[in-house]
Student: 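Below are the structure tokens for one structure; questions will follow.
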Amino acid sequence: MPIAAKYSPREVEEKWYQYWLENKFFHSKPNEKPSYTIVIPPPNVTGVLHMGHMLNNTIQDVLIRRARLKGFNACWVPGTDHASIATEAKVVAKLKEEGINKAEISREDFLKHAWDWTENYGGQILNQLQKLGASCDWDRVKFTMDQDLYESVINTFIDLHNKGKIYRGYRMVNWDPQAKTTLSDEELVYQEKQGKLYHIQYQIEGTEEHLTIATTRPETLFGDTAICIHPEDERYQHLKGKRAIVPVVNRSIPIIEDEYVDVEFGTGCLKVTPAHDENDKMLGDKHQLEVIDIFNDDASLNHFGMHYQGKDRFEARKLFAQELEQKGYLVKVENHINKVGTSERTGAVIEPKLSDQWFLNMQDLAKPALDAVLKTEEIKLFPKKFENTYRNWLENVRDWNISRQLWWGHRIPAYYIGEGKNDFVVAKNAEEALELAIQKTGNPTLSHADIHQDEDVLDTWFSSWLWPMSVFDGIRNPENEEFNYYYPTKDLVTGPDILFFWVARMIMAGYEYTGKKPFDNVYLTGIVRDKQRRKMSKSLGNSPDALKLMEEFGADGVRVGLLLSSAAGNDLLFDEALCQQGKAFANKLWNAFRLIQGWEVSENEMQPEHSKIALHWYETKLQSTLVEIEDHFSKYRISDALMATYKLVWDDFCSWLLEIVKPAYQQPIDQQTLKQVLDLLESNLKLLHPFMPFITEEIWHNIAERDPKEALVVSEWPIQKEFDVTFLKDFETTKEVISGVRNIRKEKNIAFKDAIDLKMINNEAFSNQFDGVIQKLCNLNSIEVVQDSVEGAFSFRVQANEYFIPMDGAIDVEAEKEKLQTELVYLQGFLKSVEKKLSNEKFVNNAPEKVVAIEKQKQADALAKIETIEASLKAL
RNA sequence: GGGCGCAUAGCUCAGUUGGUUUAGAGCGUCUGGUUUACACCCAGAAGGUCGGGGGUUCGACUCCCUCUGCGCCCA
């Protein structure tokens with residue numbers, strides 16, 4: 001049956017993915033084999049597949065498919081996370097479009113909408129991963145809000161609370177006034193903004209004197225409760241112990257002294273607003289200042305803002321500055337660039353705000369996580385350079401604010417009984433909470449109506465940090481068979497941007513709950529950027545449509561394209577040309593198969609010598625590449641592993657082996673050679689399968705009819721055998737000879753179809769084992785060993801050997817001489833550098849013997865070559 | 001402001017404890033080629049004083065210092 005000259009991925013990919021699914025090849029159950037587990041970094045339910053996912057999941061698929069071939073029980077657990085902030089924002093926006101206001105519906109109704117949304121869009125990204133070829137165990141799909149995972153999160157909260165690690169604190173948090181929720185430090189984006197520095201006069205109480213402060217936020221003046229000066233500031237000694245009057249507000253506030261004040265900045269007088277600035281809060285605590293919160297939840301001013309009540313903070317700033325100016329309090333205004341924290345999700349400027357939040361004490365949790373990576377190296381980061389970043393964060397770790405003022409997520413299992421700070425219990429459900437509440441208060445008449453659950457939910461990371469455990473139900477049932485079998489997992493593949501939010505915290509949770517690491521290796525991928533090094537983003541519109549890419553280049557082509565340029569930890573500059581390269585490679589492989597498949601077989605034909613030795617060579621080459629690939633994989637150098645395979649298949653298999661064994665036009669091939677070539681092709685397919693799963697499976701089944709249990713996806717990785725390095729080297733020399741002939745043919749315009757003769761002076765005593773190969777690839781009548789230079793011939797040299805191609809017609813003696821001269825000059829330069837080393841006594845005495853021997857060998861080789869060239873020059 | 005990292009061919013990157021390297025790969029560029037597997041191809045070639053300066057060493061792309069330019073993380 002003739003097959004198409006061009007490989008067309010579309011139907012092939014669809015067909016084989018279905019086949020793999022039908023035969024449950026991706027499904028894993030515990031068995032006697034060693035496990036190889038990867039849990040997917042759960043993409044969030046709002047997402048669609050983008051280039052980052054493509055890269056990340058291609059790498060995971062390569063690892064898991066290779067593990068499967070290597071005889072592990074490979075299990076890749078897919079799933080998604082609920083992304084409370086992002087999802088809630090999307091649902092709120094969608095409801096708004098439908099004319100529904102979140103504030104006007106119940107929590108229950110809102111959650112119904114959120115679940116609808118999740119069911120409609122949440123699985124989308126997983127379907128797209130299938131197009132990429134991801135060999136996840138789809139029977140194991142998990143979602144962070146599934147009942148079992150939900151319970152795991154709640155149990156963890158209760159446990160950590162009982163251990164005293166979770167506490168309720170009144171703290172300054174990053175408040176997003178648009179989403180009306182708290183953000184973690186990690187969800188902030190600092191942006192430089194052009195602002196102004198306002199210099200404002202405060203009257204000193206009981207005098208006609210003034211002091212001047214400088215502030216970027218005049219509107220917070222309504223919350224001022226002190227002025228602070230540096231105790232040693234010469235300029236302000238007279239202010240000590242006095243009080244100042246807040247302009248317009250007319251409140252009297254103390255002037256305090258603290259070394260915290262930077263005398264160089266602004267005027268050296270600092271206004272202190274403990275409710276609205278982290279540093280001011282610290283000063284406030286130290287000096288027992290009053291705390292005046294002047295903002296509503298949406299960052300408009302409350303009644304403390306007097307006549308600005310209800311006005312937004314930015315509008316109030318503008319208007320208040322005008323009022324201060326009119327009333328003569330504003331001394332001057334300077335331009336000032338400051339870094340402002342904004343919300344990663346909504347873009348709103350963050351308002352520091354004091355509020356009641358839940359915190360997790362990180363001190364004890366951090367210790368084992370730090371040791372595991374840096375001391376015992378139980379967990380390895382690839383590339384290693386991220387260890388410093390990791391250390392830096394963990395050594396300066398701060399308590400984790402785990403509450404979010406949202407509805408979509410795991411609701412905090414705290415139930416309040418009264419108004420007091422400690423009037424609450426933490427329990428699994430309302431029933432248990434009531435019991436505990438009765439115990440705690442000693443009041444048996446309490447009913448459900450008397451307790452109410454915290455309105456807030458937990459940070460999404462508080463569920464994903466359990467992911468490697470909770471997907472196997474390891475939190476609720478730590479002794480279950482699956483958890484024991486699959487955990488610890490093997491590799492985690494993710495981006496360095498979530499090293500802290502997620503990776504470090506998973507490690508903490510792992511040690512806290514199992515005493516074991518959650519994974520052995522963490523592979524941190526680069527960020528996919530465009531050719532101009534810009535991050536791919538929706539707003540820039542520079543991200544290609546992943547699905548369209550796969551349509552254009554095939555999933556295999558895109559996978560190869562992404563991997564080719566993704567050295568571990570380096571950002572990947574994405575260029576469609578790379579996918580084109582991947583596609584071309586698929587086509588090359590396809591055509592190699594077409595060639596082999598098209599051969600007529602002759603049962604009588606004997607195997608030619610050149611085929612026999614070439615096959616032996618390729619077997620050896622494959623073995624040496626196997627070692628190389630293994631080494632690359634052990635260091636997570638996936639792109640190098642791919643490149644080694646790429647060159648093996650394209651250069652060694654297609655360009656060398658197939659050209660050698662290829663029968664003459666319309667001639668049949670002998671059975672033995674065909675069989676061996678097919679075997680080797682099959683080995684190639686195994687090596688390629690992790691990178692290009694679809695086309696390899698397609699060719700695999702075209703080679704022979706096979707049962708599902710013989711499918712490539714579940715076959716076996718080639719066995720590593722001993723191999724002869726010298727033999728490989730000899731072939732490399734042979735290639736040089738062939739190149740030499742080809743060069744002469746090209747330079748002298750000798751058509752390939754014209755057979756020529758080759759004569760050689762065999763100074764190096766090369767074996768003639770590859771003569772048949774040279775003869776075939778160069779179209780030679782004969783190869784003859786001679787003692788002296790051949791006159792009237794073109795010549796070239798390989799090492800100290802000299803080769804001649806006798807040709808009728810004039811030889812350009814001058815050109816030959818010039819060529820030889822160039823070679824000679826280079827060799828003499830080389831020789832000189834070697835001899836310089838060897839004549840240096842210190843080198844000879846100090847360098848290891850082996851190194852000296854190498855230099856001596858270089859010297860001898862160079863001398864032999866020079867001799868050859870000089871002889872040739874003389875002969876001319 | 002504190003910390004970390006990077007700088008090698010036009011581009012993207014290798015170069016593993018200093019010594020088989022007057023430096024490698026892929027892509028791109030250039031030259032030639034339809035020899036029926038593949039022009040998504042074949043055969044070749046050119047291209048780098050390893051960011052600048054200094055030092056250690058018999059020997060430095062590799063180690064140290066410094067300058068310059070980029071990047072990242074934290075505050």
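The shown structure was predicted, so the numbers you read here are calculated from the model rather than taken from an experiment. Residue numbers start from 1 in every chain, and the chains themselves are labelled A, B, ... in the order their sequence lines are given, proteins ahead of strands.
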Student: OH of Tyr646(A) versus P of C40(B): gap in Å, rounded?
Tutor: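 Between P of C40(B) and OH of Tyr646(A): 14 Å.
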Student: Using a cut-off of 4.0 Å between protein heavy atoms and nucleotide atoms, how would you tag nucleotides 60-65 of chain B 5' to 3' with B, S and -?
Tutor: ------
Student: Considering only the C1' atoms, how many Å lie between C30(B) and U68(B), rounded to the nearest integer?
Tutor: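 It comes out at 35 Å once rounded to the nearest Å.
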Student: Assign each of Trp656(A) and Asp631(A) to its nearest nucleotide of RNA chain B by heavy atoms, then name whichever residue's nucleotide is nearer the 5' end.
Tutor: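 First, find each residue's nearest nucleotide; the 5'-ward one identifies Asp631(A).
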Student: Between G47(B) and C27(B), how far apart are the two C1' atoms, rounded to whole Å?
Tutor: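 After rounding to an integer number of Å, I get 14 Å for this pair.
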Student: Detail all sub-3.5 Å separations between protein N/O atoms and N/O atoms belonging to nucleotides 1-5 of chain B.
Tutor:
{"residue": "G3(B)", "atom": "O2'", "partner": "Asn392(A)", "partner atom": "ND2", "Å": "3.3"}
{"residue": "C4(B)", "atom": "O3'", "partner": "Asn388(A)", "partner atom": "ND2", "Å": "3.2"}

Student: Give a yes or no on whether the ring-centroid distance for Phe382(A) and Tyr523(A) is below 6.0 angstrom.
Tutor: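 No: the rings miss the under 6.0 Å criterion.
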Student: CD of Glu732(A): more than 12 outside heavy atoms within 6.0 angstrom?
Tutor: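 Yes, the 6.0 Å shell around CD holds more than 12 heavy atoms from other groups.
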Student: Can you name the residues that form a ring-ring contact (aromatic ring centres under 6.0 Å, His included) with Tyr618(A), not counting sequence neighbours?
Tutor: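 Applying ring-ring contact (aromatic ring centres under 6.0 Å, His included) to Tyr618(A) gives Phe653(A).
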Student: Could you walk me through whether Asp861(A) and Gln799(A) pass side chain to side chain contact (heavy atoms under 4.5 Å, CB included), step by step?
Tutor: CA-CA 8 Å; Asp861(A) 290 349; Gln799(A) 296 175 29; over 6 Å; no
Student: Where the side chain of Arg398(A) is concerned, which of G26(B), A75(B), G19(B) is the nearest nucleotide?
Tutor: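 So the nucleotide nearest the side chain must be A75(B).
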Student: Heavy atoms only: give me the nearest Leu838(A)-Val844(A) pair and the separation to one decimal.
Tutor: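 Minimum heavy-atom separation between Leu838(A) and Val844(A): O-CG2, 3.2 Å.
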Student: Could you state the atom-to-atom distance from CD of Glu552(A) to C1' of C40(B) in whole Å?
Tutor: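 After rounding, the reported distance stands at 12 Å.
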Student: Tell me the interatomic distance from Glu628(A), atom CD, to G15(B), atom P, rounded to whole angstroms.
Tutor: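 Distance, rounded to whole Å: 13 Å.
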Student: Counting only heavy atoms and a strict 4.0 angstrom limit, can you tell me which residues of residues 726-745 of chain A come near RNA chain B?
Tutor: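 Result for residues 726-745 of chain A: Ser739(A), Arg742(A), Asn743(A), sorted by number.
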Student: Whole angstroms only, please: what is the CE-C1' distance between Met692(A) and C40(B)?
Tutor: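 In whole Å, C40(B) C1' and Met692(A) CE are 12 Å from each other.
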Student: How do Met643(A) and Glu855(A) order along RNA chain B: which one's closest nucleotide is nearer the 5' end?
Tutor: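 Result: Glu855(A).
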Student: Can you give me every donor-acceptor pair (side chain of residues 494-504 of chain A, partner residue at least two apart or in another chain, under 3.5 Å) with its distance?
Tutor:
{"residue": "Trp502(A)", "atom": "NE1", "partner": "Ser464(A)", "partner atom": "O", "Å": "2.8"}

Student: Without decimals, in angstroms, what is the distance between Leu648(A) CG and G26(B) P?
Tutor: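 After rounding, the gap between these two atoms is 14 Å.
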Student: Is there a donor on the side chain of Lys635(A) or the base of U16(B) sitting less than 3.5 Å from an acceptor on the other?
Tutor: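 It does, because a donor-acceptor pair links the side chain of Lys635(A) to the base of U16(B) below 3.5 Å.
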Student: Which whole number of Å gives the distance between the C1' atom of A23(B) and that of U35(B)?
Tutor: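 To the nearest whole Å, 36 Å.
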Student: With sequence neighbours excluded, tell me which residues meet side chain to side chain donor-acceptor pair (under 3.5 Å) with Lys776(A).
Tutor: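 In terms of side chain to side chain donor-acceptor pair (under 3.5 Å), with neighbours along the sequence ignored, Lys776(A) is linked to no residue.
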Student: How long is the line joining CG of Leu838(A) and C1' of G19(B), in whole Å?
Tutor: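 From Leu838(A) CG to G19(B) C1': 12 Å.
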Student: Taking all non-hydrogen atoms of both residues, which atom of Ser639(A) and which atom of Leu563(A) are closest, and how far apart?
Tutor: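 Closest heavy-atom pair between Ser639(A) and Leu563(A): CB-O, 2.9 Å.
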Student: How close do Phe574(A) and Pro544(A) get, heavy atom to heavy atom, and via which atoms?
Tutor: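 For Phe574(A) and Pro544(A), the tightest heavy-atom pair comes out as CE2-CG, 3.7 Å.
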Student: Give a yes or no on whether the ring-centroid distance for Phe585(A) and Tyr7(A) is below 6.0 angstrom.
Tutor: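 That pair fails the under 6.0 Å test.
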Student: Would you call the rings of Phe691(A) and Phe633(A) parallel, tilted or perpendicular, taking 30° and 60° as the class edges?
Tutor: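 Phe691(A) vs Phe633(A) ring planes: parallel.
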Student: If you measure from the P atom in C63(B) to the same atom in A7(B), how many Å do you get, rounded?
Tutor: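 Roughly 10 Å separates the two P atoms.
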Student: Output a table of nitrogen or oxygen pairs between the protein and nucleotides 10-12 of chain B separated by less than 3.5 Å.
Tutor:
none

Student: Would one find a side-chain N or O of Tyr390(A) under 4.0 angstrom from OP1 or OP2 of C72(B)?
Tutor: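 Tyr390(A) to C72(B) OP1/OP2: no side-chain N or O under 4.0 Å.
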Student: Does Trp650(A) offer a backbone N or O that forms a donor-acceptor pair with the side chain of Ser655(A) under 3.5 Å?
Tutor: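 Yes, the answer is positive, given that a donor and an acceptor are paired below the 3.5 Å cut-off.
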Student: Met508(A) versus Met362(A): any side-chain heavy-atom pair under 4.5 Å?
Tutor: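 Side-chain contact under 4.5 Å: yes.
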Student: Mind checking the P distance from C70(B) to C58(B)? Whole angstroms is fine.
Tutor: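 Roughly 38 Å separates the two P atoms.
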Student: Over all heavy atoms of both residues, which pair between Asp670(A) and Val601(A) is shortest? Give the atoms and the distance, please.
Tutor: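 Shortest heavy-atom separation between Asp670(A) and Val601(A) comes out as C-CG1, 4.5 Å.
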Student: Whole-Å distance between A25(B) C1' and Gln581(A) CD?
Tutor: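 The distance from CD of Gln581(A) to C1' of A25(B) comes to 11 Å, rounded to the nearest Å.
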Student: Could you tell me whether Glu576(A) and Lys548(A) make a salt bridge, using a distance below 4.0 angstrom between a side-chain N and a carboxylate O?
Tutor: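 Salt bridge absent between Glu576(A) and Lys548(A).
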Student: With rounding to whole Å, what would you report as the distance between C11(B) and C74(B) at their P atoms?
Tutor: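 Between the two P atoms, the distance is 31 Å.
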Student: Can you name the residues that form a salt bridge (Lys or Arg N to Asp or Glu O under 4.0 Å) with Asp679(A), not counting sequence neighbours?
Tutor: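 Result, salt bridge (Lys or Arg N to Asp or Glu O under 4.0 Å) vs Asp679(A): Lys675(A).
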Student: I want to verify a distance call: between G15(B), C40(B), C58(B), whose nearest atom is closest to the Phe843(A) side chain?
Tutor: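 So the side chain of Phe843(A) is nearest to C58(B).
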Student: Within the side chain of Arg745(A), is there an N or O that forms a donor-acceptor pair under 3.5 Å with the backbone of Cys778(A)?
Tutor: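 Yes, the answer is positive, given that a donor and an acceptor are paired below the 3.5 Å cut-off.
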Student: If we take the C1' atom in both G2(B) and U56(B), what is their distance in whole Å?
Tutor: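 One C1' to the other, the span is 30 Å.
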Student: With sugar-phosphate meaning primed atoms plus P, OP1 and OP2, does Asn840(A) contact a base, only sugar-phosphate, or nothing at under 4.0 Å between heavy atoms?
Tutor: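 Sugar-phosphate contact only - Asn840(A) comes under 4.0 Å of backbone atoms but never of a base.
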Student: Extract from the structure each pairing of a protein N or O with an N or O of nucleotides 29-39 of chain B at less than 3.5 Å, listing the distance.
Tutor:
{"residue": "U31(B)", "atom": "O2", "partner": "Lys746(A)", "partner atom": "NZ", "Å": "2.8"}
{"residue": "U36(B)", "atom": "N3", "partner": "Tyr665(A)", "partner atom": "OH", "Å": "2.5"}
{"residue": "U36(B)", "atom": "O4", "partner": "Tyr665(A)", "partner atom": "OH", "Å": "2.0"}
{"residue": "A37(B)", "atom": "O2'", "partner": "Asn591(A)", "partner atom": "OD1", "Å": "2.4"}
{"residue": "A37(B)", "atom": "O2'", "partner": "Arg594(A)", "partner atom": "NH1", "Å": "2.8"}
{"residue": "A37(B)", "atom": "N6", "partner": "Glu659(A)", "partner atom": "OE2", "Å": "2.8"}
{"residue": "A37(B)", "atom": "N3", "partner": "Asn591(A)", "partner atom": "O", "Å": "2.9"}
{"residue": "A37(B)", "atom": "N3", "partner": "Ala592(A)", "partner atom": "N", "Å": "3.4"}
{"residue": "C38(B)", "atom": "O4'", "partner": "Asn591(A)", "partner atom": "OD1", "Å": "3.0"}
{"residue": "C38(B)", "atom": "O4'", "partner": "Asn591(A)", "partner atom": "ND2", "Å": "3.4"}
{"residue": "C38(B)", "atom": "O2'", "partner": "Asn587(A)", "partner atom": "ND2", "Å": "3.3"}
{"residue": "C38(B)", "atom": "O2", "partner": "Lys588(A)", "partner atom": "NZ", "Å": "3.0"}
{"residue": "C38(B)", "atom": "N3", "partner": "Lys588(A)", "partner atom": "NZ", "Å": "2.9"}

Student: Would you kindly give the NE2-to-P distance between His632(A) and G24(B), to the nearest whole Å?
Tutor: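 In whole Å, G24(B) P and His632(A) NE2 are 17 Å from each other.
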Student: Roughly how far apart are Arg559(A) CZ and Phe694(A) CZ, rounded to 0.5 Å?
Tutor: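 With rounding to 0.5 Å, CZ (Arg559(A)) is 7.0 Å from CZ (Phe694(A)).
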Student: Return the set of residues passing ring-ring contact (aromatic ring centres under 6.0 Å, His included) with Tyr390(A) (not counting sequence neighbours), or none when no residue passes.
Tutor: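 So Tyr390(A) forms no ring-ring contact (aromatic ring centres under 6.0 Å, His included) with any residue.
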Student: Residues two or more places apart in sequence or in another chain: which of them pass salt bridge (Lys or Arg N to Asp or Glu O under 4.0 Å) with Arg797(A)?
Tutor: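 By the salt bridge (Lys or Arg N to Asp or Glu O under 4.0 Å) rule, Arg797(A) matches Glu802(A), Glu823(A).
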Student: Just to be sure I understand: a Watson-Crick pair is purine N1 to pyrimidine N3 plus N6-O4 or O6-N4, both under 3.5 Å. Using that and G-U wobbles, which stems of three or more pairs involve RNA chain B?
Tutor: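 Looking at RNA chain B, the stems formed by three or more consecutive pairs are B:1-7 with B:68-74, B:10-13 with B:24-27, B:29-33 with B:41-45, B:51-55 with B:63-67.
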